[in-house]
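Working notes, structure below.
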Amino acid sequence: MSARMKGGANLAKYLTELKQNATSARRVDVGFFRDATYPDGTSVATVAAVQEFGNDRVPARSFMRTTVAERSRQWPGAAAAVLRATGCNARQAMETMGQVAAQEMQSKISEITEPPLAASTVKQREKKGSERPDKPLIDTATMINSLRYQVDPSDD
């Protein structure tokens with residue numbers, strides 16, 4: 001008994017392309033990068049870290065850790081769906097998942113209302129005409145608008 005197969009060259013070509021697609025990106029970073037600053041030069045990452053973890057004057061208002069805790073279980077399935085839909089294009093999957101994670105963190109920033117702002121902060125915001133002087137994490141919208149992702153970022 002014997003068997004004969006045809007198309008070996010096509011299979012090899014397909015597997016080579018699949019390997020190239022699958023290794024076209026290694027990681028995605030989501031957060032605040034070095035170039036993100038407030039008009040006075042303050043690093044957005046520094047402000048975000050204080051908001052995320054709190055300090056002796058500011059209570060923690062976690063938006064990154066809570067997003068990861070609440071949503072990360074869905075991310076592998078979503079990434080697998082993107083990989084299937086794109087012929088295992090890792091770069092496209094990383095781009096899509098970076099965008100998803102960044103948008104979900106931005107949504108979390110928009111949702112947070114607790115702990116409430118100090119009365120002095122609310123007054124200060126009212127004086128300068130803030131639209132939502134009582135809303136934590138959004139005053140100038142610099143932080144929420146600076147949250148982004150990078151696929152295979154350099155080590156800078």
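Values below: all heavy atoms of this structure, side chains included; hydrogens, waters and symmetry mates excluded. Since the structure is predicted, the reported quantities are computational estimates derived from the model, not experimental observations.
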Seminar exercise, completed: Closest non-hydrogen contact found for Tyr149 with Ala102 is CD2-CB, 4.5 Å
Problem set entry | Approximate separation, where rounding is to 0.5 Å, of Met105 CE and Met64 CE | 4.5 Å
Seminar exercise, completed: Nearest heavy-atom approach of Leu83 to Ala93 is CD2-CB, 3.7 Å
Problem set entry | Lys/Arg N to Asp/Glu carboxylate O, Asp35 vs Arg148, below 4.0 Å | yes
Problem set entry | Distance (rounded to the nearest 0.5 Å) between Phe63 CZ and Leu147 CG | 6.5 Å
Exercise. Can you find a heavy atom in the side chain of Thr142 that is under 4.5 Å from one in the side chain of Val44?
Worked result: yes
Exercise. Can you list the steps and then say if Thr37 with Thr42 is a side-chain contact (heavy atoms from CB on, under 4.5 Å)?
Worked result: CA-CA 5 Å; Thr37 59; Thr42 301; over 6 Å; no
For this session: Spell out, as yes or no, whether a donor-acceptor pair under 3.5 Å connects the side chain of Ser110 to the backbone of Gln106.
Result: yes
Exercise. If you measure from the Lys or Arg side-chain nitrogens to the Asp or Glu carboxylate oxygens, is any gap between Lys128 and Asp139 under 4.0 Å?
Worked result: yes
Exercise. In this structure, are over 12 heavy atoms from other groups packed under 6.0 Å from Glu131 atom CD?
Worked result: no
Exercise. Going by heavy atoms in the side chains, are Met143 and Tyr38 under 4.5 Å from each other?
Worked result: yes
Problem set entry | Gap between atom CG of Leu137 and atom CD1 of Ile109 - 0.5 Å precision | 6.0 Å
For this session: Mind checking the OG1-CD spacing from Thr86 to Glu95? Nearest 0.5 Å is all I need.
Result: 11.5 Å
Seminar exercise, completed: Heavy-atom closest pair (Leu117 atom, Pro133 atom, distance to 0.1 Å) is CD1-O, 3.4 Å
Problem set entry | Inter-residue atom distance Ile112.CD1 - Arg61.CZ, 0.5 Å rounding | 8.5 Å
Exercise. When you look at Lys123 and Glu126, which way does the salt bridge (charged side-chain N to carboxylate O under 4.0 Å, His left out) test go after all the steps?
Worked result: CA-CA 5 Å; Lys123 272 187 178 183; Glu126 286 172 341; over 6 Å; no
Problem set entry | Between Ser62 and Glu52, a side-chain donor and acceptor under 3.5 Å | yes
Exercise. Within a strict 4.5 Å, meaning less than it, do heavy atoms of the Asp134 and Arg125 side chains meet?
Worked result: no
For this session: Evaluate side-chain contact (heavy atoms from CB on, under 4.5 Å) for Val58 paired with Asn55, printing each intermediate quantity in order.
Result: CA-CA 5 Å; Val58 177; Asn55 65 20; 3.6 Å; yes
Problem set entry | Minimal non-hydrogen separation, Trp75 against Glu104, with atom names | NE1-OE1, 2.9 Å
Exercise. Can you tell me if Thr96 uses its side chain to pair, donor with acceptor, with the backbone of Gln92 under 3.5 Å?
Worked result: yes
Exercise. Which heavy-atom pair separates Pro136 from Pro115 by the least distance, and what is that distance?
Worked result: CG-O, 3.7 Å
Exercise. What's the spacing between Glu70 CD and Ser107 OG if we round to 0.5 Å?
Worked result: 11.0 Å
Exercise. Sub-3.5 Å donor-acceptor pair from the side chain of Ser130 to the main-chain atoms of Arg132, do we have one?
Worked result: no
